[in-house]
Amino acid sequence: MAKQIKEGQLVGFNGVSFSYDIRFDPSENMDTLVVFCHGFKGFKDWGHWHLIADFFLKEGISFAKMNYSHNGIKGQETEVFNDLEGFAKNTYSAELYDLSVFLDHLITLSEDETVNFKYRNLHLIGHSRSGPIVLRSSIDHPSVRSVITWASVHSLSYMWERDEFDLENWLKSGKHHIMNGRTKQMMAVNAQLYKDFEKNKHLYSTNVITSKIDIPVLIIHGDSDPAVNVTSAIHLESQLKNATVHFVSDGDHVFGGRHPYTATKLPDQSIELCQTTIEFLKKG
């Protein structure tokens with residue numbers, strides 16, 4: 001296998017750049033590409049995502065990962081969030097814009113004979129909060145053949161739907177602070193996130209998104225996920241016309257991964273995650 005990693009940067013929402021990488025084999029006729037989108041407080045180089053990308057490549061599937069422009073990470077930083085101001089300003093419209101830019105760029109790359117990167121079948125994978133993002137994006141990009149969600153939330157309004165969330169104070173103060181358990185950083189989220197959702201509720205509500213999706217959807221969730229309850233997977237499946245659910249035994253929110261991830265072998269839960277996803281892709 002002649003693995004090649006294509007890395008680059010693109011201009012995303014409000015002119016803020018974001019980075020990406022693509023694993024592919026230019027010597028093989030690889031017709032399937034998956035695009036992976038990270039979740040809240042995530043980034044493309046978190047933990048074992050690179051090993052998961054390699055797992056797909058070994059199965060003949062190209063794998064692309066991207067950062068969102070406002071995910072709190074600038075440059076090559078992989079340990080702490082070095083753009084907390086940008087993180088605070090993130091919105092769902094920003095993430096959808098960034099993903100659209102990346103998908104357009106992938107088309108351009110596939111037409112560049114000097115890169116020798118080709119694909120015919122495009123699929124989206126969204127982890128955690130990016131589950132509804134990739135579902136929404138598939139509506140706007142008819143070239144997407146299927147969507148896979150990993151440990152997805154059931155709704156983009158999940159954060160302020162919780163009983164203990166103080167929405168009134170968030171809107172009054174303009175900021176909601178969340179402690180990052182790994183880095184111990186206090187990370188602010190501006191009320192603009194809520195306002196952006198409310199403004200675009202006719203586009204971003206779960207029932208609106210799911211009613212417009214006819215392509216196959218695979219929902220994978222760990223049955224021991226402490227961050228997003230399995231009921232989110234059940235709810236998503238009930239809303240979709242063509243969805244399959246798979247529960248990973250003893251699977252947590254990141255399927256056995258952690259950051260930093262120093263092992264060279266994937267945890268069993270992640271292997272099951274990959275194998276289930278790949279089987280779904282090859283059936284399609």
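Keep in mind that what you see is a predicted model, and the values were worked out from it rather than measured. Count residues from 1 along the sequence.
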Name every donor-acceptor pair, under 3.5 Å, that has one atom in a side chain of residues 257-267 and the other anywhere in the protein, sequence neighbours excluded.
residue : atom : partner : partner atom : Å
His259  : ND1  : Gly47   : N            : 2.7
His259  : NE2  : Thr78   : O            : 2.6
Tyr261  : OH   : Lys265  : O            : 2.5

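- Atom CD of Glu198 sits in a crowded spot, with more than 12 heavy atoms from other residues, nucleotides or ligands closer than 6.0 Å.
- Atom NE2 of His48 and atom CG of Asp54 lie 12.5 Å apart (nearest 0.5 Å).
- Residue pairs meeting the side chain to side chain donor-acceptor pair (under 3.5 Å) criterion with at least one partner in residues 125-144, sequence neighbours excluded, are Tyr68-Ser130, Glu95-Arg129, Ser100-His141, Ser128-His253, Arg136-Asp140, Ser137-His141.
- Taking CG of Leu281 as the reference point, atom OG1 of Thr276 lies at 11.0 Å (rounded to 0.5 Å).
- Rounded to the nearest 0.5 Å, atoms NZ (Lys201) and CG (Leu156) are 12.5 Å apart.
- Taken from NZ in Lys3 to CG in Leu57, the straight-line distance is 7.0 Å, to the nearest 0.5 Å.
- Annotation: Phe87 is in aromatic contact with Phe40 [ring centroid separation under 6.0 Å].
- Considering only residues two or more places apart in sequence or on other chains, His70 meets the ring pair (Phe, Tyr, Trp, His ring centres under 6.0 Å) condition with none of them.
- No more than 12 heavy atoms of other residues, nucleotides or ligands sit less than 6.0 Å from atom NZ of Lys199.
- Taking a cutoff of 4.0 Å between a charged side-chain nitrogen and a carboxylate oxygen, Lys118 and Glu28 do not qualify as a salt bridge.
- Within a 6.0 Å sphere centred on CD of Glu168, other residues, nucleotides and ligands contribute 12 heavy atoms or fewer.
- Taking the six-membered ring for Trp and the full ring otherwise, Tyr119 and Phe117 have centroids separated by under 6.0 Å.
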- Task: Dump the intermediate steps for side chain to side chain contact (heavy atoms under 4.5 Å, CB included) on Ile22 and Leu106, then the final yes or no.
- Result: CA-CA 9 Å; Ile22 312 166; Leu106 289 170; 3.5 Å; yes
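- Residues passing the side chain to side chain donor-acceptor pair (under 3.5 Å) test with Lys44, sequence neighbours excluded: Asp21.
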- For Asp45 and His50, what are the C-alpha separation, side-chain angles and deciding distance, and is it a side chain to side chain contact (heavy atoms under 4.5 Å, CB included)? CA-CA 7 Å; Asp45 296 317; His50 65 293; 6.0 Å; no
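- Screening residues 230-239 for salt bridge (charged side-chain N to carboxylate O under 4.0 Å, His left out) gives no qualifying pairs among residues at least two apart or on separate chains.
- Side-chain rings of His246 and Phe280 stay apart, their centers remaining 6.0 Å or farther from each other.
- Ring centroid separation for the pair Phe165 and His176 comes in under the 6.0 Å cut-off.
- A donor-acceptor contact closer than 3.5 angstrom is absent between the side chains of Tyr204 and Ser157.
- Through chains of ILVMFWY side-chain contacts below 4.5 Å, Met179 is grouped with Met186.
- Tyr158 is not listed as a side-chain neighbour of Thr206, based on a closest heavy-atom distance of 4.5 Å or more.
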